[in-house]
Amino acid sequence: MRSPVQGIASHWDEWFRHEAAESDHEAIDAIGRSGFEQCRFIAWLAHRWAGEAQWRGEAPPARYVLAQLSRVSPFDKWPAFDRYRITYGASGISAIVIDEQSAGESSDVRHVEALILPADEDAAAHDVVTDGFHAEGADLRAARQTALSLLDGKGLVAFLALWIATGRRPYPRWVRAGLLVGWLAVAALIVRLLIGSDPGGRLTLFFGLLFGLWSLLVLTALTSAVALGVQAWLAGRQWRRRLEEYQTRLRLDGGLSLQGGSAGLAFCLNILLATFRSHPRLPTRSWLWERFFRKLRLAANNWAATGVVSPQGRVEKVAIESKIRACMRHPEITDVLTPRQPEARQSVIDKLMLTSVRKTRDGPVSVGMRRAFASERQHLRSHRCRYAAQSILAVGDFTSRSQLAVNVLALGVSIVMLVALPDIRNVLYPPPPPAVVTPSSPSPYYLWISLDTKRPQAFDVVLESGFWSNRRADVAQYPDPGGSARAEIRLNRLGRQMTVDEQDGTLWIERRRKLLTREYQSGERVGSYSFSYVTRLGNE
């Protein structure tokens with residue numbers, strides 16, 4: 001015996017033929033003689049019975065139950081069940097399956113329906129069951145595995161990465177405008193500080209404003225991306241668990257035997273849609289998934305897909321020209337998902353459409369008839385995908401050129417800021433004043449001023465002397481055995497000396513103020529040492 005949901009038709013047929021009383025048959029016959037009563041029975045079955053008949057804590061899918069009952073007596077003769085014999089009522093993205101003798105006709109675009117049902121009691125039952133067609137088990141398993149990965153796996157990571165790079169955000173318009181203005185303001189401040197006049201005493205204010213605004217923008221972007229990504233992961237994990245535990249049924253009319261896995265991408269997306277339909281109200285809400293599934297449900301009849309999907313989520317190449325032609329001839333298809341191959345470029349499709357229109361206009365006209373042209377069909381848009389995750393971006397209409405431009409601006413500004421962070425830190429959070437320490441220079445022609453500091457780039461040293469040429473030197477970290485941070489000053493006598501004392505002079509330790517390659521006016525002097533003290537240091 002099969003489960004109550006999977007085997008409902010056989011269970012009904014067994015009861016109706018062998019166990020139903022005469023009064024039950026009379027009541028059923030009475031309902032069957034009236035079209036109105038038949039509709040009432042279907043409405044009761046879908047809205048009342050399906051809501052109360054729990055199996056494993058969940059209501060059975062009414063559309064599937066009606067489809068199964070429509071094929072057994074006496075419902076197989078009831079006109080009200082006619083529409084349920086050919087469809088589950090769960091429309092999804094169409095697959096493009098070319099018949100052997102076809103060069104690409106509208107009939108080759110075939111609607112695919114998918115349902116998620118409680119797993120069959122039969123332990124040998126397949127994870128994916130086909131209805132109305134036959135396909136290789138490996139192709140069906142690959143489509144299912146890709147769907148699982150997109151819900152919670154590498155496919156989801158790829159989708160989130162693509163969305164972060166190019167996808168629109170759920171911000172109100174005024175927030176988007178504010179963020180754009182903020183990034184432009186940060187860029188303008190950097191340009192001002194690099195090529196503008198020296199801010200002087202306002203440098204700390206400028207640096208504080210620059211760092212604060214950039215930090216706020218980065219924090220906003222990271223918080224939004226992390227929050228939406230975590231929500232998508234939590235929701236996807238719940239749907240994945242459901243997909244793993246349940247059985248998937250795919251329906252494609254026509255009695256076809258599919259050769260190859262070119263319908264894999266369509267099967268994958270329809271499996272995702274069926275999983276959502278089976279449990280649309282999760283405790284964890286996700287704006288990303290809700291947007292994708294809303295777009296998919298509303299425009300499913302206008303989308304078609306072709307491409308072989310690998311278990312790793314790649315969309316492999318297929319023979320594409322005849323499939324594009326079939327979509328062009330279909331009155332409803334406006335968008336097609338294809339592998340990333342040259343034959344599916346938008347320019348190639350536009351050229352093919354133009355050629356098709358010209359051939360139609362130049363065709364023969366019957367005697368006594370005049371040629372007239374109605375408006376052209378909608379433009380066919382191609383969405384090429386290297387990975388299945390890109391199909392989610394396309395269907396959900398996530399890609400935004402304006403957001404991509406903002407992201408490029410933000411990335412460029414952030415790279416500059418990360419490189420400049422040490423300089424900004426030295427101005428906003430300066431290190432304590434350093435002391436002069438050993439080692440001293442072993443050469444009489446150089447003066448070493450070694451400082452006890454972990455941030456040597458924050459200081460420079462100025463020599464003021466009446467005997468030696470005045471010099472300014474930056475402090476740097478040297479890779480000698482001692483690893484000292486020091487400034488090295490080459491000693492040159494003044495042409496016009498103001499003293500004969502060669503020990504005359506003062507060494508000033510100044511805070512350095514810079515941004516990348518731009519040096520500003522010297523900062524606070526935080527220490528002074530006599531020339532004689534520094535030269536004697538370490539030699540006594």
Side-chain angles (χ1 to χ4, degrees), residues 190 192-207 416 419-540:
I190 293 175
R192 163 68 177 80
L193 289 169
L194 288 177
I195 64 176
S197 59
D198 194 316
R202 296 181 299 166
L203 183 64
T204 302
L205 175 62
F206 274 67
F207 273 25
V416 173
V419 175
L421 276 182
D423 297 334
I424 297 175
R425 179 191 179 197
N426 290 335
V427 173
L428 297 181
Y429 305 101
V436 175
V437 294
T438 57
S440 59
S441 173
S443 170
Y445 302 105
Y446 279 90
L447 181 67
W448 286 7
I449 305 93
S450 300
L451 301 180
D452 181 18
T453 180
K454 295 181 180 180
R455 290 157 62 181
Q457 296 82 5
F459 301 98
D460 57 17
V461 176
V462 177
L463 169 62
E464 294 180 353
S465 172
F467 186 85
W468 303 103
S469 298
N470 293 347
R471 291 284 190 272
R472 178 184 296 274
D474 298 334
V475 181
Q477 191 77 37
Y478 286 86
D480 51 34
S484 62
R486 64 178 181 265
E488 296 183 356
I489 298 178
R490 182 177 177 82
L491 296 176
N492 294 314
R493 296 185 181 188
L494 288 171
R496 295 183 179 182
Q497 297 173 344
M498 292 179 286
T499 179
V500 295
D501 183 9
E502 60 182 28
Q503 294 296 315
D504 177 74
T506 303
L507 291 160
W508 296 95
I509 312 300
E510 292 184 347
R511 295 196 185 277
R512 189 180 182 189
R513 307 196 308 170
K514 64 183 287 288
L515 180 69
L516 299 176
T517 59
R518 173 74 185 275
E519 293 279 353
Y520 301 102
Q521 295 177 1
S522 300
E524 176 189 6
R525 288 185 170 181
V526 294
S528 66
Y529 296 86
S530 66
F531 184 90
S532 60
Y533 171 80
V534 175
T535 55
R536 291 195 306 269
L537 188 66
N539 296 321
E540 295 181 352

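Residue indices begin at 1 and follow the sequence shown.
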query: Run the side-chain contact (heavy atoms from CB on, under 4.5 Å) check on Ser465 and Asp504 step by step: do they pass?
result: CA-CA 6 Å; Ser465 172; Asp504 177 74; 3.7 Å; yes
- request: Show your working on side-chain contact (heavy atoms from CB on, under 4.5 Å) between Thr438 and Leu537 and close with a plain yes or no.
  value: CA-CA 7 Å; Thr438 57; Leu537 188 66; 4.1 Å; yes
task: Check the pair Thr204 / Leu428 against side-chain contact (heavy atoms from CB on, under 4.5 Å), numbers first and verdict last.
output: CA-CA 6 Å; Thr204 302; Leu428 297 181; 4.0 Å; yes
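With hydrogens and angles ignored, the 3.5 Å screen pairs no side-chain donor or acceptor of Ser450 with any backbone N or O of Ser484. Side-chain atoms of Thr499 do not come within 3.5 Å of backbone N or O of Gly466 as any donor-acceptor pair. Judged by distance alone, the side chain of Arg192 and the main-chain N or O of Ser197 form a donor-acceptor pair under 3.5 Å. The main-chain N or O of Ile509 is never found under 3.5 Å from a side-chain atom of Asp460 such that the two would form a donor-acceptor pair. Of the possible polar contacts, one joining the Arg513 side chain to the Gly200 backbone as a donor-acceptor pair under 3.5 Å is found.
Donor-acceptor pairing under 3.5 Å is recorded for the side chains of Gln503 and Thr535. Between Arg455 and Asn426, the side chains place a donor N or O and an acceptor N or O closer than 3.5 Å (distance only, hydrogens not considered).
Atom CZ of Arg425 has 12 or fewer heavy atoms from other residues, nucleotides or ligands within 6.0 Å. Within 6.0 Å of CZ on Arg493 lie no more than 12 heavy atoms contributed by other residues, nucleotides or ligands.
Taking 4.5 Å as the limit, every side-chain heavy atom of Pro430 sits out of range of all side-chain heavy atoms of Glu524. Taking the side chain as every heavy atom from C-beta outward, Phe467 and Phe531 never approach each other to under 4.5 Å. Here the side chains of Pro433 and Phe459 are not in contact, with every heavy-atom distance at 4.5 Å or above.
Interatomic distance, Arg486 CZ to Trp448 CH2, rounded to the nearest 0.5 Å: 4.0 Å. In this structure, CG on Leu193 lies 9.5 Å from CG on Asp198, to the nearest 0.5 angstrom. Between the OG atom of Ser443 and the CG atom of Leu491 there is a distance of 8.5 Å, given to the nearest 0.5 Å. Atoms CD1 and CG, on Ile489 and Leu463 in that order, are 5.0 Å from each other to the nearest 0.5 Å. Taking CH2 of Trp468 as the reference point, atom CG of Leu447 lies at 9.5 Å (rounded to 0.5 Å). Note that CD of Gln521 is 11.5 Å distant from CD of Glu510, once rounded to the nearest 0.5 Å.
Ring orientation note: the planes of Phe207 and Tyr520 are nearly perpendicular, at an angle over 60° on the 30°/60° scale.
Taking all atoms of both residues into account, the shortest heavy-atom contact from Gln477 to Ala485 is OE1-CB, 3.6 Å. Of all non-hydrogen atoms in Asp423 and Leu516, the two that sit nearest each other are OD2-N, 2.9 Å. Between Pro199 and Phe206, the shortest heavy-atom distance links the atoms CB-CD1, 4.3 Å. Residues Tyr529 and Pro434 share a closest heavy-atom pair of OH-O, 3.9 Å. Here the closest heavy-atom approach between residue Glu519 and residue Arg512 is recorded as OE2-NH2, 2.6 Å.
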